[in-house]
Amino acid sequence: MQCEMSFEVEQQDPGCAARAGRLKLAHGVVETPIFMPVGTQASVKALSQEDLRGIGAQIILGNAYHLYLRPGTETLEAAGGIHGFMGWDRPVLTDSGGFQVFSLSDLNKVRPEGVEFRSHLDGSRHFFTPEKAVDVQISIGSDIMMCFDECTSYPATRDMAGKSMRMTVDWAAKCKAQWIAREASSQALFGIVQGSVYEDLRQECAAALVDIDFPGYAIGGVSVGESKEEMVAAVEYTTPCLPVDKPRYLMGVGAPEDMLEAIERGVDMFDCVMPTRNARNGALFTSQGRVNIKNAKYARDFGPLDPSCTCPVCTTYTRAYLSHLYRAGEILALRLNTLHNLSFMLQLAADSRAAIQQGRFREFKKAFLAKYFS
RNA sequence: GGUGGAUUGCCCGAGUGGCUAAAGGGGACGGGCUGUAAACCCGUUGGCUAGCGCCUACGUUGGUUCGAAUCCAACAUCCACCA
């Protein structure tokens, strides 16, 4: 079976591992580096699909575990997949539910064959296997499916991390076999590198996954409590183990500065709930650093949120108005804040791409960080 | 005019002799959030002090008591019902 996805590195930055690429998926082309907004339940919280198109989102995430529980695969299949269901015609990447093995660990039990979940919605029991995770994602019809993995918690002893990683590799092989058996060639399948903060485990995992051979590779199990230094180190020693001609995706990252560190080390794709969640909680990203719009000092600040941002929020509203909307608990606060934070991350990825194409990513990054942390 | 009820910190509100600078909300102030069980969570919120601690506080004034937001009296204001 030949996967229909294709990836091309268009420009390699001469000063670092950063690269600009072009990822062709069933529902369109994604220009990398790219930030992918998270829409766990077939919805990027607070935004409509029109909003997402308006700010130039190229690809969004969905989550197999959550969509399996609700609305369920039968509904998604009847709708002809997630694209038609939610009215989004651009690419979608689905996480397999591997993260929920970590985040809902109190509600599940991990076994070598799979994970027994107790639904966080109604307590009902569900058994997720690698094969089932692929089946669910085929029902969803995402452009990129993720292997079912165990997102290793932190801290983990070397022994624990090794066992967890080897199980993830075993599951990856099963996911790949199921993907081939189902002949889902229009959907790509990415393997996920685990191994916690242990260099040799990360390298062993990457090698094993490359041996299985996937259309793309992800680095998972980061930003789960380890230090930023450890996270960056994990990226630094893992990316060289991944094929240069395949897309690399750093799962769950991140903050603006984290994304830049990873781009510099050769990562192409990112997703993170931070811009959307922080937006709903009043923390906004700007070129001059984080703005906590709840702070009293913004109540009568009639300037734009970020003077150098061209998003619809910054060109229309003032900090004072955003402050008021947040305090008043207005639903519009969630929407405008989310619109801005996502615009900011999408723009940061686009600017990074432009800098790489000019061969000056490191200068770009340095200038951004100097302003951001001033 | 009579009878009954009420008056607590910025607001609402619990407390009805010592464990009360006073529960719980709200508001205000600050912080956090990294493959979303998150429009959520955590701190602070009378004054002075680095701290021990001291001072001022539960409508007002006076009293009972070793001790009062809590008991008594008068007054003030508000509410309900009756004239």
Side-chain angles (χ1 to χ4, degrees), chain A residues 35-47 59-67 69-70 92-108 117-123 133 137 142 144-154 168 190 192-194 218-228 230-232 234-235 249-259 261-262 267 269-285 290 292-299 323 325-338 341 345:
Chain A
F35 179 81
M36 308 181 284
V38 179
T40 304
Q41 309 197 71
S43 166
V44 174
K45 295 185 193 300
L47 297 191
I59 173 171
I60 61 173
L61 256 69
N63 183 283
Y65 168 78
H66 286 279
L67 294 171
L69 289 180
R70 186 169 56 192
V92 170
L93 179 152
T94 42
D95 186 26
S96 60
F99 185 71
Q100 280 61 43
V101 178
F102 162 78
S103 64
L104 302 178
S105 59
D106 292 346
L107 294 173
N108 66 50
F117 280 98
R118 272 202 359 260
S119 163
H120 66 284
L121 299 174
D122 62 7
Q137 292 179 88
S142 47
I144 299 174
M145 306 187 286
M146 298 306 298
C147 282
F148 191 51
D149 66 329
E150 181 182 48
C151 180
T152 309
S153 59
Y154 180 90
T168 286
F190 282 23
I192 304 173
V193 179
Q194 291 289 343
I219 299 171
V222 295
S223 33
V224 287
E226 81 283 11
S227 68
K228 291 224 180 206
E230 287 176 305
M231 189 205 82
V232 171
V235 173
Y249 163 30
L250 183 59
M251 307 186 79
V253 174
E257 66 273 22
D258 296 338
M259 186 165 80
E261 294 297 343
V267 175
M269 305 162 67
F270 302 87
D271 80 282
C272 190
V273 304
M274 190 181 267
T276 42
R277 181 186 288 166
N278 280 15
R280 294 192 305 280
N281 295 329
L284 306 175
F285 298 130
R290 271 175 57 138
N292 194 338
I293 203 66
K294 296 179 272 195
N295 290 171
K297 61 183 171 183
Y298 300 120
S323 163
L325 290 177
Y326 189 86
R327 286 167 191 276
E330 281 294 335
I331 222 164
L332 184 58
L334 307 181
R335 176 158 170 264
L336 295 183
N337 291 350
T338 303
N341 269 2
M345 294 303 293

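Here is how names work: the chains are called A, B, and so on, in the same order as the sequence lines, proteins then strands, and each is numbered from 1.
B:G51 is unpaired under the Watson-Crick or G-U wobble criterion, no partner having all donor-acceptor distances under 3.5 Å. The partner of B:U70, taking Watson-Crick or G-U wobble pairs whose two distances both stay under 3.5 Å, does not exist in any strand shown. Pairing for B:C78 goes to B:G5, judged as Watson-Crick or G-U wobble with the two contacts each under 3.5 Å. Shown here, B:C40 forms a base pair with B:G32; the pair counts as Watson-Crick or G-U wobble because both key distances fall under 3.5 Å. Across all strands shown, B:G24 forms a Watson-Crick or G-U wobble pair, both distances under 3.5 Å, with B:C12.
With sequence neighbours excluded, the residues that form a salt bridge (Lys or Arg N to Asp or Glu O under 4.0 Å) with A:Arg335 are A:Asp51. Under the rule for a side-chain contact (heavy atoms from CB on, under 4.5 Å), the partners of A:Ser153 that lie at least two apart in sequence or sit in another chain are A:Phe102. Partners of A:Glu226 according to the salt bridge (Lys or Arg N to Asp or Glu O under 4.0 Å) rule, which considers only residues two or more places apart in sequence or in another chain, do not exist here. Residues satisfying the side-chain hydrogen bond (donor to acceptor under 3.5 Å, both in side chains) criterion with A:Arg290, sequence neighbours excluded, are absent altogether. Residues passing the side-chain hydrogen bond (donor to acceptor under 3.5 Å, both in side chains) test with A:Glu257 are A:Lys228, sequence neighbours excluded. Residues satisfying the side-chain hydrogen bond (donor to acceptor under 3.5 Å, both in side chains) criterion with A:Thr168, sequence neighbours excluded, are absent altogether.
Heavy atoms of A:Phe102 sit nowhere under 4.0 angstrom from any nucleic acid atom. Residue contacts shown for A:Ala255 include a base, since a base heavy atom lies under 4.0 Å away. Among the heavy atoms of the strands, none lies under 4.0 Å from A:Lys297. Among the heavy atoms of the strands lying under 4.0 Å from A:Asp258 is at least one base atom, whether or not backbone atoms are also near. Contacts of A:Asn337 with the nucleic acid, taken as non-hydrogen atoms under 4.0 Å apart, are absent. If you check every strand for non-hydrogen atoms under 4.0 Å, A:Gln194 touches a base. Within 4.0 Å (heavy atoms only), A:Leu121 reaches no atom of the nucleic acid at all. Contacts of A:Gly221 with the nucleic acid, taken as non-hydrogen atoms under 4.0 Å apart, include base atoms. At the heavy-atom level, A:Leu93 lies nowhere under 4.0 Å from the strands shown. Among the protein residues, A:Arg290 comes within range of the nucleic acid bases, having at least one heavy atom under 4.0 Å from a base atom. Among the heavy atoms of the strands, none lies under 4.0 Å from A:Ala218.
Distance OH/A:Tyr65 to OG/A:Ser96: 12.5 Å, rounded to 0.5 Å.
Each of A:Ile192 and A:Glu330 has a nearest nucleotide on RNA chain B; the 5'-most of these lies closest to A:Ile192. Between A:Leu334 and A:Gly252, the one whose closest nucleotide on RNA chain B sits nearer the 5' end is A:Gly252.
Between the C1' atoms of B:C52 and B:C58, the separation comes to 27 Å (whole Å). To the nearest whole angstrom, the two P atoms, one in B:A74 and one in B:G2, are 13 Å apart. When the P atom is used for both B:G18 and B:G67, the distance is 15 Å, rounded to whole Å. Taking the P atom of each, B:G43 and B:U49 are spaced 26 Å apart, rounded to whole Å. Atom name P, nucleotides B:U16 and B:C72: the rounded distance is 14 Å, in whole Å. A gap of 8 Å separates the C1' atoms of B:G46 and B:A21, to the nearest Å. A gap of 22 Å separates the P atoms of B:A38 and B:G25, to the nearest Å. Comparing the P positions of B:A73 and B:G4 gives an interatomic distance of 12 Å, to the nearest angstrom.
For the residue pair A:Thr94 / A:Gln137, a side-chain donor-acceptor distance below 3.5 Å is found, with atom types taken as modelled. For the 3.5 Å distance criterion, the side chains of A:Gln41 and A:Asn63 fail to qualify, holding no donor opposite an acceptor.
Within the 4.5 Å cutoff, side-chain heavy atoms of A:Leu325 are placed close to those of A:Leu336.
Sequence neighbours left out, the pairs with a member in residues 269-278 of chain A that pass side-chain hydrogen bond (donor to acceptor under 3.5 Å, both in side chains) are A:Tyr249-A:Asp271.
Contact footprint of chain A on RNA chain B: nucleotides with an atom under 4.0 Å from a non-hydrogen protein atom, first to last in 5' to 3' order, B:A28 to B:C40.
Of the residues in residues 38-47 of chain A, A:Val38, A:Thr40, A:Lys45 come within less than 4.0 Å of RNA chain B through at least one heavy atom, sorted by number.
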